[in-house]
Amino acid sequence: MAEPILRVSPDAAALAEAAASRFLLEATAAVEERGRFLVCLSGGATPLGLYRVLAASPYRDAVPWASVEVFWGDERLVPKDDPENSYSQARDALLDPVAVPVANIHRVRSTMSPSAAVADYTARLRAAARATRSAAGWPRFDLVLLGLGRDGHTASLFPGSPVEQTAPVVAVMADYDGRPANRVTLTPPVFDDARRVWFLVTGEGKAEAVASTLQGPDDPARWPAQRIRPLGGELSWWLDPGAARLLS
Ligand code: 6PG
């Protein structure tokens, strides 16, 4: 596995601009090479800054949005118009403003039961795998965006959750920040297959989780983001000074 690339920006706004610039490069290259750009979005507040920069000039007009396919790394099982729903957050901040074709948006059916939502999303991943000639039961994402909770969770992989997960999609119950408890999440085998994985993390409140994940003892049960090691892909941590504060 390649060493994580640390990209520390002066502040969250500069981080969003730098990430948007790289997003444009990667999307353009992927579409030129393979005709599409497969991106797996994250929920939470941190990526909103990036989504908003991408939804504005020049990225709104420069990114080949008609060839961008969108999935989510996890989703909260609340109605799609619930403000806590990660799909609707990205739809409002980015997907609607840049007019990503509806057929390219592969959201979790969040009003299904956990087991039905897992089965449905697993089938969607398998269909995308077939369409992109991926031998796995999921597509090889060109870009996976992930956040990090203060407790060290990423996507909906929480401390204490099973480390070894072979199924691409699992249902979990979580208690974090008053956010919805019932979720489905992709698992490390899917994330590790990606061409690039970007963690976007800002704020002093994340400093301990960042340092423990990146420089602490190997303890993937306690620090789930340690489970994500893209085998043949790039792993980047986009940080502001607050989140990077405890890194040596
Ligand atoms: C979610 C995300 C979750 C998020 C972290 C950090 O659905 O909430 O998948 O893993 O990235 O909780 O959230 P913030 O960016 O809001 O701090």
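Along the sequence shown, residues carry numbers from 1. Heavy-atom basis, side chains included; hydrogens, waters and symmetry copies ignored. Every number for a ligand or one of its atoms is a count from 1 in the order of the listing.
- For ligand 1 and Gly147, the ligand atoms under 4.0 Å from any heavy atom of the residue are 11 (O).
- Aromatic pair Trp238/Phe199: centroids not less than 6.0 angstrom apart.
- When each atom of ligand 1 is checked for a heavy atom of Asp74 under 4.0 Å away, the hits are 1 (C), 2 (C), 7 (O), 9 (O).
- Note on Glu234 versus Arg7: salt bridge recorded, some NZ/NE/NH1/NH2 to OD/OE distance being below 4.0 Å.
- A donor and an acceptor atom, one from each side chain of Arg126 and Ser134, are nowhere located under 3.5 Å apart.
- Under the 4.0 Å criterion applied to side-chain N and carboxylate O atoms, Glu204 and Arg245 are assigned as salt-bridge partners.
- Protein heavy atom in closest approach to atom 6 (C) of ligand 1: Leu148 O, 3.5 Å.
- With no hydrogens or angles considered, no side-chain donor-acceptor pair links Thr185 and Asp74 at under 3.5 Å.
- Considering backbone and side-chain N/O of Arg76, one or more are found under 3.5 Å from N/O of ligand 1.
- If you number the atoms of ligand 1 from 1 as listed, the ones under 4.0 Å from a heavy atom of Ser42 come out as 11 (O).
- Comment: Arg229 engages Asp218 in a salt bridge, judged by a side-chain N to carboxylate O separation of less than 4.0 angstrom.
- Checked against a 3.5 angstrom limit, the closest N/O atoms of Arg179 and ligand 1 fall inside it.
- Under the 4.0 angstrom criterion for non-hydrogen atoms, Ser156 is not in contact with ligand 1.
- When the options Ala155, Gly152, Gly44 are ranked by their closest heavy atom to atom 10 (O) of ligand 1, first place goes to Ala155.
- The closest side-chain donor-acceptor pair between Asp240 and Ser9, if any, does not fall under 3.5 angstrom.
- Polar contact with ligand 1: absent for Gly149 (N/O pair, distance under 3.5 Å).
- Of the possible polar contacts, one joining the Arg140 side chain to the Asp193 backbone as a donor-acceptor pair under 3.5 Å is found.
- Here is the list of ligand 1 atoms found below 4.0 Å of a heavy atom in Ser86: 7 (O).
- For ligand 1, none of its N or O atoms has an N or O atom of Tyr176 under 3.5 Å away.
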